[in-house]
Protein chains: 2
Amino acid sequence: MKNGRHIRIKDIAEKAGCSIGTVDRVIHNRGKVAEPVRQRILRIIKELDYKPNVNARVLASKQALTLGILLPSYKKGEYWELPCLGISEAMERYNEQGYNIEARWFTYNSPEKFHQAGMKMITDEIDGIILNPATYKESVRLVRSFFQNNKPFILIDSDIHGTPSLSFIGKDPVQSGLTVAKLIHQLTRHITGNKSVWIINLSIPSNQNYALLAREIGFMSYFADKQLRDDYSFQSIDMDDTGTQKVVDEQIGKLLATGNPHAIYVTGSRVHNIADSLKKFKPDPKPLLIGHDLIHKNMERVKDETIDFLIEEEARRQGYLAVESMIRSLTYKEVIQKKQMMNLMIYTRENLPL
Amino acid sequence: MKNGRHIRIKDIAEKAGCSIGTVDRVIHNRGKVAEPVRQRILRIIKELDYKPNVNARVLASKQALTLGILLPSYKKGEYWELPCLGISEAMERYNEQGYNIEARWFTYNSPEKFHQAGMKMITDEIDGIILNPATYKESVRLVRSFFQNNKPFILIDSDIHGTPSLSFIGKDPVQSGLTVAKLIHQLTRHITGNKSVWIINLSIPSNQNYALLAREIGFMSYFADKQLRDDYSFQSIDMDDTGTQKVVDEQIGKLLATGNPHAIYVTGSRVHNIADSLKKFKPDPKPLLIGHDLIHKNMERVKDETIDFLIEEEARRQGYLAVESMIRSLTYKEVIQKKQMMNLMIYTRENLPL
DNA sequence: TTGTACGCGTTATCAA
DNA sequence: TTGATAACGCGTACAA
């Protein structure tokens, strides 16, 4: 009302005939307010559609937050670097804006380490947790402890349905699979005769398997729904990721000896390994190659068209949003969307970013 | 750590042995500071890597800004609604954050109206201008006036090379064309014999023609570079957009009588008109249909797979970034990136957002 | 249970 | 050319 600007706590206090202290108490539920006064103030807040001034709030509030980040360990250039970049970016941005936020990083490469690190976050004075649930069983155990200790947490990249998380931020792996299937179908439909497709699950043993499986399920269901089973023959290949190109080469070599597929779908983020094998063996005609994630090595293979298409689900943005959501929830008690699904991008040589 | 976190103007003042008023003057170039003092303060700012506290700044600043938005007039559901949504979103967001910003909207449907509205923005007290340059000649005239009157402006959606704008926010139409070409090539390459492709320029006469042309150029150059000219035959079709489906139907009907193309590329945002024609005439086999922009009617045709792929360049985000960039430039004198290119998205039924 | 007063970092005004 | 000081809206400790 003043100068047509926003309404302040002071305006509410005036209208309610009390002091700003009292208004503040009802806004923050700090109790100790006479019930009738409380009701009146709440009504006025609704009536005037009061919205707190974020800037003043941050400026006045001296609270320091520490967030716990619990993610799989990774080497430079691997998938998890991307969400981490988003996390760092958000931290930096919010700190520059006068917030006082610190991140404490925890990584794991085994279910035991995962659980250990998780429990440490509870004993340490951590205000909010951002984690990627590794294996189902361990994650449920951990999440239960978070809940009991009243630690708010956000799930990132893959979900555990039904957990009392503030939010899940990630992707729909079934949709990913469907999209890849659509691409492969459209790109091979004019090939005469039966089309052979390899689905390669190249991943670290017993890690992240759920998402890869879900992708494969989405992939298969596309062909099932469209009654295309007779036109295609599929071969699912589980390949352990030992991290060395040589092992991949060996396996691909053996497979190629049995015949040359029309298309290859790699469900994990390590298509570049398969691409490198193809560059070595040069099968002719070159199979269509599709995979996931905008990591550096994959992009290089897209540039030279060994990889034809890359799917990605805004990995970096996931990290950014996780931090942002946690801060909003912690500092303003803002209610966060229960599910924040990323968009699904299709990249090829011509529309690669950068 | 608690108080030692960020450095404030006060810290600089102490170190420089002057008052915060003086520091403020050098930061904001309000002149009237003794040169040696000025140098000393600047050095200390660099040394301590001072970053202003955004919250305090917004809180204390009483300045009110009005932005002028100069865009083509549009009906609901048309392309320009998307950038406008982004603009509104940004306005809302920044106003909620305590900024005091007002938008004044101007639209045009002819070069004369465009110029008129532009000149009015100069006489009115407008602090910054966001505009889409309609025709080249008129735009250059207008931009010259902006420059002479010291009005900062941002170009949105399509560029005029070399203008002294704060920033250009938009897309690379040549890249769009290349991407569509890649898709059509890959999706038709296994068809035997010569493949026929229509390129339809369906647009309001003499409006936005430059971007559509650039897309077509990108499109053609893909096939030229790849030495594919002999495998494909192209037909460029200029179709006036009268806004009625009937006229489109007539023209498509005539064209189909001469033969059934393998693929159709519609360079504007009105693929849905072509899609509706195809639904009516049911050419068999159905040509591959690719177009631009996530407007409602297009998305409907993607859902029923009349349109196979849709390209879009983050239309909504363009509007958002334009407002954000202008505010940053105006309030903090921040230097804005000269070119902010949007990502190029590929959408099909399976990865359509929402 | 309620009210008051100070501080957060910056802008802007006025007096020196 | 400079310095002191009152806002800005909110959080909070302390007084009543």
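Each chain gets a letter, A, B and so on, in the order the sequences are listed, and its residues count up from 1. Note that these values count all heavy atoms, side chains included, but never hydrogens, waters or copies made by symmetry.
You'll find that the side chain of A:C18 is closest to C:dG3, out of D:dC8, D:dG11, C:dG3. Out of C:dT1, D:dG9, C:dT10, the shortest distance to the side chain of A:A60 is found at D:dG9.
The nearest heavy atom of DNA chain C to A:G17 and to B:V54 marks one nucleotide each, and the one closer to the 5' end goes with A:G17. Residues B:A56 and A:S61 each lie close to DNA chain D; by heavy-atom proximity, the contact nearer the 5' end of the strand is made by B:A56.
Side-chain N/O atoms of A:T22 include one lying less than 4.0 angstrom from OP1 or OP2 on C:dG3. Phosphate contact (OP1/OP2 of D:dG9, side-chain N/O of A:R8, threshold under 4.0 Å): present. Between B:Y50 and C:dT10 there is a side-chain polar atom (N or O) within less than 4.0 angstrom of OP1 or OP2. The shortest distance between the side-chain N/O atoms of B:H28 and the OP1/OP2 oxygens of C:dT11 is below 4.0 Å. Between B:R30 and the phosphate of C:dA12, there is a side-chain N or O to OP1/OP2 separation shorter than 4.0 Å.
When every heavy atom of A:A103 is checked against every heavy atom of A:M91, the shortest pair comes out as N-CE, 3.5 Å. Considering every non-hydrogen atom in both B:R8 and B:D11, the closest pair reads N-OD2, 2.7 Å.
Regarding A:R57, its CZ atom lies at a distance of 19 Å from the P atom of D:dC8, rounded to whole Å. We find that NZ of A:K10 is positioned 14 Å from C1' of C:dG3, with the value rounded to whole Å. The distance from atom CD1 of A:I27 to atom C1' of D:dT12 is 14 Å, rounded to the nearest whole Å. In this entry the distance linking CZ of A:R40 with P of C:dT2 reads 10 Å, nearest Å. Residue B:I20 contributes atom CD1, which lies 9 Å from atom P of C:dT10 at whole-angstrom precision. Following rounding to the nearest Å, B:N53 (CG) and D:dC10 (P) show an atom-to-atom distance of 16 Å. Between the P atom of C:dA12 and the CD atom of B:Q63 lies a distance of 7 Å, rounded to the nearest Å. Distance, B:L59 CG to D:dA6 P: 17 Å, rounded to whole Å.
Comparing the end axes of the helix from C:dT1-D:dA16 to C:dA16-D:dT1, each fitted to five base pairs by superposing C1' atoms of four pairs onto the next four, gives an inter-axis angle of 50° (nearest 10 degrees).
At a threshold of 4.5 Å between non-hydrogen side-chain atoms, the residues B:L67 and B:L330 count as touching.
At the heavy-atom level, B:V37 lies under 4.0 Å from the strands shown only through sugar-phosphate atoms.
Side-chain atoms of B:R328 never come within 3.5 Å of backbone atoms of B:E334 as a donor-acceptor pair (strictly under, hydrogens ignored).
Remark: the B:R25 side chain and the D:dG3 base include a donor-acceptor N/O pair separated by less than 3.5 Å.
A side chain to side chain contact (heavy atoms under 4.5 Å, CB included) with A:L294 is found for one member of A:E312, A:E314, A:E313 and no other, namely A:E312.
A:N55 and B:Y99 share no side-chain donor-acceptor pair at under 3.5 Å. A donor-acceptor pair shorter than 3.5 Å can be found between the side chains of A:E35 and A:Q39.
Under the side chain to side chain contact (heavy atoms under 4.5 Å, CB included) criterion, A:R316 pairs with A:L85, A:E89, not counting sequence neighbours.
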